[in-house]
Amino acid sequence: MRTMRRTTVDTPSDLLGLVGTELGVSAPQVVTQRQVDQFADVTGDHQWIHVDVERARSGPFGGTVVHGFLTLALVPCLLADILEVRTFSMGVNYGLDRVRFVRPLPPGVEIQGTATLVAATAITAPGPQATPGVQAKASVAVEFADTSQPCCVAEILFRYYA
């Protein structure tokens, strides 16, 4: 398991000087079968490999697996553990450039996130306020905490406004 490590900056513009920097490692966390079942209810994705514990035991993964999109949904939470911007008026997830579900994630297994800042650009919010900000892209890996092998990799775009 990797040691948790966080990058802290005072303002969004401080991100501009961190391009190419590994931002850190999140605290470990576990996705439970209950969370998988709740995600299935919210999304309507009740595929048996996710929610039927008995049937999944004899399936291709030897048990249930976390939805890929649930794993992806954890990326902003993991990134919040890794990167702290102290002063900003608003932060938004702006999108994704690339996502791959590399390995199946069984419920009950510890995961950690790692992130590297791959781009950062000054922007201005549209509208009458014209607030300055930064759009950034981080390459995030959701890893098995015990082996550091990725189960999901994504390039996430996010914006912080001053």
Side-chain angles (χ1 to χ4, degrees), residues 1-9 12 14-15 18-88 90-120 135-160:
M1 181 176 310
R2 296 182 195 223
T3 302
M4 183 183 169
R5 187 170 43 82
R6 170 184 280 190
T7 295
T8 301
V9 296
D14 294 333
L15 293 171
L18 294 178
V19 174
T21 302
E22 184 178 290
L23 297 173
V25 180
S26 75
Q29 65 175 271
V30 174
V31 181
T32 66
Q33 184 62 50
R34 185 172 193 279
Q35 289 171 301
V36 170
D37 295 342
Q38 290 171 329
F39 188 83
D41 289 342
V42 168
T43 62
D45 183 354
H46 291 92
Q47 171 61 250
W48 64 269
I49 62 172
H50 303 301
V51 298
D52 189 335
V53 174
E54 292 304 315
R55 183 176 177 190
R57 281 192 183 119
S58 59
F61 306 112
T64 58
V65 293
V66 176
H67 297 78
F69 286 116
L70 173 52
T71 306
L72 181 61
L74 296 173
V75 168
C77 177
L78 296 169
L79 190 57
D81 242 11
I82 295 168
L83 176 63
E84 177 185 5
V85 178
R86 287 190 176 133
T87 307
F88 64 96
M90 179 176 63
V92 294
N93 294 317
Y94 189 66
L96 299 159
D97 274 354
R98 185 169 193 256
V99 176
R100 295 292 181 267
F101 304 114
V102 182
R103 289 179 183 79
L105 171 62
V109 173
E110 281 191 323
I111 58 170
Q112 287 183 284
T114 63
T116 299
L117 190 65
V118 296
Q135 177 172 304
K137 181 194 302 190
S139 176
V140 179
V142 180
E143 299 178 344
F144 294 96
D146 63 343
T147 65
S148 300
Q149 294 295 312
C151 59
C152 174
V153 292
E155 290 180 346
I156 184 169
L157 299 165
F158 51 95
R159 291 180 168 185
Y160 283 105

Task: Between D52 and H46, a side-chain donor and acceptor under 3.5 Å - done: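 No, no side-chain donor-acceptor pair sits under 3.5 Å.
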
With a 3.5 Å distance limit and no angle check, can you tell me whether [X] reaches the backbone of [Y] through a side-chain donor-acceptor pair?
X: Q33; Y: V65; result: no
X: R2; Y: A145; result: no
X: H67; Y: F39; result: no
X: R55; Y: I49; result: no
X: S26; Y: L78; result: no

Find the distance between [atom1] ([X]) and [atom2] ([Y]) and round it off to the nearest 0.5 Å.
X: L96; Y: L157; atom1: CG; atom2: CG; value: 7.0 Å
X: L117; Y: T7; atom1: CG; atom2: OG1; value: 9.0 Å
X: T116; Y: E155; atom1: OG1; atom2: CD; value: 10.5 Å
X: L23; Y: T8; atom1: CG; atom2: OG1; value: 10.5 Å
X: Q112; Y: E143; atom1: CD; atom2: CD; value: 7.5 Å
X: L74; Y: D81; atom1: CG; atom2: CG; value: 11.5 Å

Task: Closest non-hydrogen atom pair between W48 and P60, with its separation - done: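 Heavy atoms only, the tightest pair is CH2-CD, 3.8 Å.
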
- [ ] Write down the atom of T87, the atom of P12, and the distance for their closest heavy-atom approach.
- [x]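 Residues T87 and P12, closest heavy atoms: O-CD, 3.3 Å.
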
TODO: Apply the side-chain contact (heavy atoms from CB on, under 4.5 Å) test between V36 and each candidate in L105, V66, T64; give the one that qualifies.
DONE: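 For V36, the side-chain contact (heavy atoms from CB on, under 4.5 Å) test succeeds with only one of L105, V66, T64, which is V66.
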
Going by heavy atoms in the side chains, are [X] and [Y] under 4.5 Å from each other?
X: I156; Y: N93; result: yes
X: V99; Y: L72; result: yes
X: L83; Y: L15; result: yes

